[in-house]
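Order of listing sets the numbers, starting from 1, for every ligand and every atom in it. Numbering starts at 1 and runs along the sequence shown.
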Amino acid sequence: ITGPRSPDQVYSEGQPYSFFLTKVHGIQNQYNQVLAMDIKDILSPIMGTLQASCQFNYMFEIPWLMKQYPEQFRSKPLLLVHGFTAGNKTALEIEATKYSNIKFCQARLEMIYGTHHTKMMMLLYEEGMRVVIHTSNLVERDWYQKTQGMWISPLFPKLKKEENKSNFSRGDSPTNFKKDLLDYIGSYKAYQLKDWQQNIADHDMSSAKVVIIGSSPGRHMAENKHKFGHMRLRKVLNTHGPPKDFVKSWPVIGQYSSIGSLGATKDAWLATEFLQSLATVEGSSCVPLASINLKLIFPTKDNVRCSLEGYPAGASIPYSINVAKKQTYLTSYFHHWISKGRGRSRAMPHIKSYCRPSPSSQEVAWFLVTSANLSKAAWGALEKKGSQLMIRSYELGVLFLPKFFGSKKTIPVSSDINDTDKLLLPYDLPLKPYQKEDRPWIWDIAYKELPDCNGNMWCPS
Ligand SMILES: O=C(O)c1cnc2c(C(=O)O)cccc2c1O
């Protein structure tokens, strides 16, 4: 099954789920040849003849980014959507000075501590348009030796003129992909995004099989309460989720690369409000939570120490000691990062994913890949007796539901790269719980006992 493949061959092999990981330097070839893409593969002329692109992200290295585009596309209009203010905003604009094709859209962040986490590429081609929703910053380090995820849309053909004149809903999919993407982008209320909203409207997105799950900063109430964040997930699972009795004993898995302050006890948010949404089943959003087994994947300090990058991998896993010491109850939920099936046990996770696997680990009731870490800032926290959801950051992800992939109740999963007809998970199942001597990675304390794979210690200033 192995051997080098062109991006369109990798893309075709990944259908119908179209969920890929980034290529990793320093692992055996076969793990990069199957269901893995590099940024240059995504931007390859084989995927489409670029006319313009839009990159939503958190971190940018502009000279590096420009080099990822094929030479003939480097002068095409490029809009960068970011959340920077003041000095960081100025630095970004200075870095782009020599590239006259680059424009900026500063996403407004009115909630303190909010960030623009969303990672999305919109690619306008001569042949149509493609959307990529992913987890990697536009910096070299994020595409080198980490485990990152991406959903790559089909090539959406342009609607014929008369079709889309009337309204935006023309050319939508059974999952409301187009409308939900327009709603998400509309939440920026930014005039710089107008042309891209029109581009979306002008294309037939009826082939999209995933459901958009976004977060937008603000206090969302009444009919907007279920528009974003974990209440959006709750709503979607209530409408399209698994039958209650079918998944009664099925666990929920959360996997992410950073953790926010979740409250003094599990019942403050994690095992109540948040788990309520993840555990939602069709027709009911109130599930007896005591019966639901929540499993969290977060790298141990040894996972990081023994990783391909060594301790420096931890610079992208910003779990702070001041937050960790207030929530030691979390450790009982934690599991190692192990990804033997994908050859990525030493490629630290920057991907964020959530799923509801069967006890046998052969199938899932749903799978979500997103930019959203385990934090209230990303997913939202209910306020005013649950009447409003307060979200601080922009986030974006896509949800895979069985009914939209033609199967009855579940999606078959595997982490074995020979099973390319299944949805390939980024990590191994079953999970390995922390043992009593295991410690979660914490980025702002020193590790001086054992050197990492490069012989270095970790001494954060
Ligand atoms: O991918 C992202 O959106 C993202 C956001 N934030 C951070 C931070 C931080 O916020 O301090 C530190 C290190 C890495 C990241 C990172 O990778």
Inset, instruction - Could you check atom 15 (C) of ligand 1 against the protein and tell me its nearest heavy-atom contact, residue, atom and distance included? - result: M59 CE, 3.8 Å
Inset, instruction - List the closest protein heavy-atom neighbour of atom 17 (O) of ligand 1: residue, atom name, distance to the nearest 0.1 Å. - result: H350 NE2, 2.7 Å
Legend entry - Closest candidate by heavy atom, reference atom 9 (C) of ligand 1, pool Y394, Y319, Y58, Y113: Y58
Legend entry - Location of contacts on S257 toward ligand 1, heavy atoms closer than 4.0 Å: neither
Inset, instruction - With the side chain counted from C-beta on, respond yes when L80 and L65 share a heavy-atom pair under 4.5 Å apart, and no when they do not. - result: yes
Legend entry - Q106 and H82: side chain donor to acceptor below 3.5 Å: no
Inset, instruction - Examine the side chains of K376 and S261 and answer whether a donor and an acceptor come within less than 3.5 Å of each other. - result: no
Inset, instruction - Please confirm whether W443 comes within less than 3.5 Å of ligand 1 when only nitrogen or oxygen atoms on both sides are compared. - result: no
Legend entry - Verdict with reasoning, F177 to I212, per side-chain contact (heavy atoms from CB on, under 4.5 Å): CA-CA 6 Å; F177 178 86; I212 291 275; 3.6 Å; yes
Legend entry - Ring-face cation contact, Y11 with R130, 6.0 Å cut, 45° max: yes
Inset, instruction - Name the option, out of S258, P318, G83, that contains the heavy atom nearest to atom 8 (C) of ligand 1. - result: P318
Legend entry - Centroid separation F84 to F104 less than 6.0 Å: no
Inset, instruction - Give a yes or no answer on whether the side chain of S277 reaches the backbone of L233 with a donor-acceptor pair at less than 3.5 Å. - result: no
Inset, instruction - Identify the protein heavy atom lying closest to atom 3 (O) of ligand 1, giving its residue, its atom name and the separation to 0.1 Å. - result: K119 NZ, 2.8 Å
Inset, instruction - Could you find the nearest protein heavy atom to atom 13 (C) of ligand 1 and give me its residue, atom name and distance? - result: A315 O, 3.2 Å
Inset, instruction - Could you tell me whether ligand 1 has any atom less than 4.0 Å away from a heavy atom of N137? - result: yes
